[in-house]
Amino acid sequence: MSEQAVTAQSEDFSRWYNEIVYRADLAAPSPVRGCVIIKPYGYEIWEGIKAGLDRRFKVTGHQNAYFPLFIPESYIQREAQHVEGFSPELAVVTHAGGKELEEPLVVRPTSETVIGEAFSDWIQSYRDLPLLINQWANVVRWELRTRPFLRTAEFLWQEGHTAHATHDEAEEETMQMLDIYADFAINDAAIPVIKGEKSRLERFAGALRTYTIEAMMRDRRALQCGTSHNLGQNFAKAFDIRYLAESNNQEYCWTTSWGLSTRMVGAVVMTHGDDKGLRLPPKLAPYQVVIVPIYKNDSQRSAVMEAVERLQGTLDGAGIRVHVDNREGQSPGFKFNDWEMRGVPVRMEIGPKDVQNNNAVLARRDVLGRQGKQFISQDGILEAAQSLLADIQASLLEDARAFRDAHITDVSTYDELRAVIEEGDWARAHWDGSDADELAVKDDTGATIRCFPFEQQPAPGVCVMTGRKTGRVALFAKAY
RNA sequence: CGGGGCGUGGCGCAGCCCGGUAGCGCGCACGGUUUGGGUCCGUGAGGUCCCCGGUUCGAAUCCGGGCGCCCCGACCA
């Protein structure tokens, strides 16, 4: 019955995505167009993402702060490219307190401007640098076509903002944060991302250079998972962020910004999910192990529950996030499917037979059916669970990496590029084209330059568009 | 902003052409049965049929107007 099975990925990927998001209880529809309610299970994944990133930010010397949701309209207009980039999608408050405001307030789409204004006050001398700030916040961009987590009118993110004395320090910071994103994506989210630089067309409005981590989703479309911008002195000049150098001269600062959003939740869903539902990497899974007790009658129930509670305590004591599914009136079979839908990495089954044999069954989410099940002595349950979780974390990453690598093709002519994109894969090509050339490719094939990957082809080649010799390689793909 | 569709219990829908007591599946509640891969049976709760107006003895159904939403084409974490 359609109430049970989810649409297969191969049949209709975006339908699959929507069903999973709602049925795994990550999100709920909101009364406001383009927005979503993030439900507890989805929010816990986001909390895992926050924790993983925040720890890394702190280790590298950043501090959290919070800036206002409302930005005076005039601020947004101070940096020319910035206005141009964002004005179409701004939400603006014109009335408040029953009166029309003297100056409309923009609901922040990002905070370079307010933070720039603050930085100009805070920074006096080179001794105040570098200034390393991050904020966790919601932002609003009035998008037309929205999808839960991937693109919503309001979303949650972190935005880092830093100021430095020199271009090179700013560049170093920009790159360091990109590395942190990549490290987090790969090691915590098990998403093998590709680091690279954005083309001019895809660059952040107002940035000198934008770097990105790009991931391949299960339908082979590209998803930009995080970006890090070297803003040069553009915002420093617009907001007068200056410092007195040791030489006693006033200098403009060099600033950076970098952000990663709740889109990452969508990336986890679309990178690892299968036709049974979510597959969560253990490091981000709200529940790493779920225990399903099995019994027929009260006496079995008490024997089983005693073992269940003991094992729960063992795992919990070792820091494993464990949940006992003690719902009455739901069959074990139903629970198995339910937790598979929700992507819990390890399921533990304990029934009367296991109690009798001092066993437990461990089933791994990434290997369905009997192959993924093993009988373990209760005495060794902790070690077994720990190593299974580590194994799942690694194998999800490996799966995704193999999938990605199988769908990137090196091309040396434009016809090949077109064919590869048509097929749905990514194309890697030598590129020395102009903005207009890039747009032409988009019009023609639907693909954009996702990035110029840092890991370049060793040998220079010939640009697929212009025929000019170049050492630069671009990744082309259809993107979300 | 251009083209197509839809508004009916919480969700998904049927009913509308041809006006006459508002239905089905899922979910929910209760009882029993079952429980090692999505149990089954019974009982029950739950609806201003998007809004306003018109036609009519009578409107979910026909007519007029409005509102909202979804899908497809140009921009975006």
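The same atom, P, is picked in rC17(B) and in rC63(B); the two are 9 Å apart, to the nearest Å. Across rC40(B) and rU34(B), the matching C1' atoms stand 7 Å from one another, rounded to whole Å. Rounded to whole Å, the separation between the P atoms of rG44(B) and rG38(B) comes to 29 Å. Only the P atoms considered, rC30(B) is 49 Å distant from rU55(B), to the nearest whole Å. rG9(B) and rU61(B) have their P atoms separated by 15 Å, with the value rounded to a whole Å. Using C1' as the reference atom, rG19(B) and rA59(B) are 6 Å apart when rounded to the nearest Å. Nucleotides rU8(B) and rA60(B) place their C1' atoms 7 Å apart, quoted to the nearest Å. Nucleotides rC62(B) and rC24(B) have their P atoms positioned 23 Å apart, rounded to a whole Å.
Residues in residues 220-232 of chain A take part in these salt bridge (Lys or Arg N to Asp or Glu O under 4.0 Å) pairs, two or more places apart or across chains: Arg220(A)-Asp425(A). Counting only residues at least two apart or on different chains, the salt bridge (Lys or Arg N to Asp or Glu O under 4.0 Å) pairs with a member in residues 285-302 of chain A are Arg301(A)-Glu328(A). Here salt bridge (Lys or Arg N to Asp or Glu O under 4.0 Å) pairs that include residues 72-86 of chain A, with residues two or more places apart or in two chains, are Arg78(A)-Glu117(A). Pairs of residues two or more places apart, or lying in two chains, that qualify as salt bridge (Lys or Arg N to Asp or Glu O under 4.0 Å) and include a residue from residues 264-281 of chain A are Asp274(A)-Arg365(A), Arg279(A)-Asp399(A).
In this view, Tyr211(A) and Phe454(A) satisfy the ring pair (Phe, Tyr, Trp, His ring centres under 6.0 Å) rule, not counting sequence neighbours. Residues satisfying the salt bridge (charged side-chain N to carboxylate O under 4.0 Å, His left out) criterion with Asp354(A), sequence neighbours excluded, are absent altogether. Scanning for ring pair (Phe, Tyr, Trp, His ring centres under 6.0 Å) contacts around Phe403(A) gives His407(A), with sequence neighbours left out. By the salt bridge (charged side-chain N to carboxylate O under 4.0 Å, His left out) test, Glu197(A) is found to be paired with no residue, residues two or more places apart in sequence or in another chain being considered.
Nucleotide rG42(B) is matched to rC30(B) when pairs are restricted to Watson-Crick or G-U wobble geometry with both distances under 3.5 angstrom. Nucleotide rG47(B) forms a pair with no other nucleotide shown, judged by Watson-Crick or G-U wobble geometry with both contacts under 3.5 Å. Across the strands present, rG20(B) finds its partner in rC57(B); the criterion is a Watson-Crick or G-U wobble pair with both atom distances under 3.5 angstrom. With a cut-off of 3.5 Å on both Watson-Crick or G-U wobble distances, the partner of rC6(B) is given as rG68(B). The nucleotide rG73(B) finds its pairing partner in rC1(B), both defining distances of the Watson-Crick or G-U wobble pair being shorter than 3.5 Å.
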Given side chain to side chain donor-acceptor pair (under 3.5 Å), test Thr256(A) with Trp258(A) step by step and report yes or no. CA-CA 7 Å; Thr256(A) 81; Trp258(A) 24 277; 3.2 Å; yes
Show your reasoning for whether ring-ring contact (aromatic ring centres under 6.0 Å, His included) applies to Trp136(A) and Tyr66(A). CA-CA 7 Å; Trp136(A) 291 96; Tyr66(A) 186 80; over 10 Å; no
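Using a 4.0 Å heavy-atom distance criterion, Ser228(A) is classed as making no nucleic acid contact.
Residues Gln224(A) and Lys198(A) bring a donor and an acceptor atom of their side chains to less than 3.5 Å of each other. In the model, Gln312(A) has no side-chain atom that pairs as donor or acceptor with a side-chain atom of Glu309(A) under 3.5 Å. Under the 3.5 Å distance criterion, with hydrogens and angles disregarded, a donor-acceptor pair is assigned to the side chains of Glu173(A) and His62(A).
If you take CH2 of Trp136(A) and C1' of rA77(B), they are 13 Å apart, rounded to a whole angstrom. Whole-Å rounding puts the Asp25(A) CG to rG27(B) C1' distance at 13 Å. The distance from atom CH2 of Trp46(A) to atom C1' of rA77(B) is 10 Å, rounded to the nearest whole Å. Rounded to whole angstrom, the span from the CD1 atom of Ile49(A) across to the P atom of rA77(B) amounts to 18 Å. Rounded to whole angstrom, the span from the CH2 atom of Trp142(A) across to the C1' atom of rC1(B) amounts to 17 Å. When the P atom of rG38(B) is taken as reference, atom CZ of Arg327(A) falls 15 Å away, rounded to whole Å.
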Where do N or O atoms of nucleotides 2-7 of chain B meet protein N or O atoms at under 3.5 Å, pair by pair?
none

Filtered N/O pairs between nucleotides 67-75 of chain B and protein, under 3.5 Å:
| unit_1 | atom_1 | unit_2 | atom_2 | d |
| --- | --- | --- | --- | --- |
| rC70(B) | OP2 | Arg33(A) | NH1 | 3.0 |
| rC72(B) | OP2 | Arg145(A) | NH1 | 3.1 |
| rC72(B) | OP2 | Arg145(A) | NH2 | 2.6 |
| rC75(B) | OP2 | Lys442(A) | NZ | 3.4 |

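An aromatic stack links Phe155(A) and the base of rA77(B), using centre distance under 5.5 Å and interplanar angle under 30°.
Here Glu349(A) does not pair with Lys335(A) in a salt bridge; the nearest charged N to carboxylate O distance is not below 4.0 Å.
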Counting primed atoms plus P, OP1 and OP2 as sugar-phosphate and everything else as base, spell out the protein contacts along nucleotides 30-37 of chain B at 4.0 Å heavy-atom distance: B, S or - for each nucleotide, 5' to 3'. -----BBB
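The ring-ring contact (aromatic ring centres under 6.0 Å, His included) test with Phe235(A) singles out one residue from His161(A), His82(A), His229(A), and that residue is His82(A).
Less than 4.0 Å separates RNA chain B from at least one heavy atom of each of the following residues of residues 254-270 of chain A: Ser261(A), Arg263(A).
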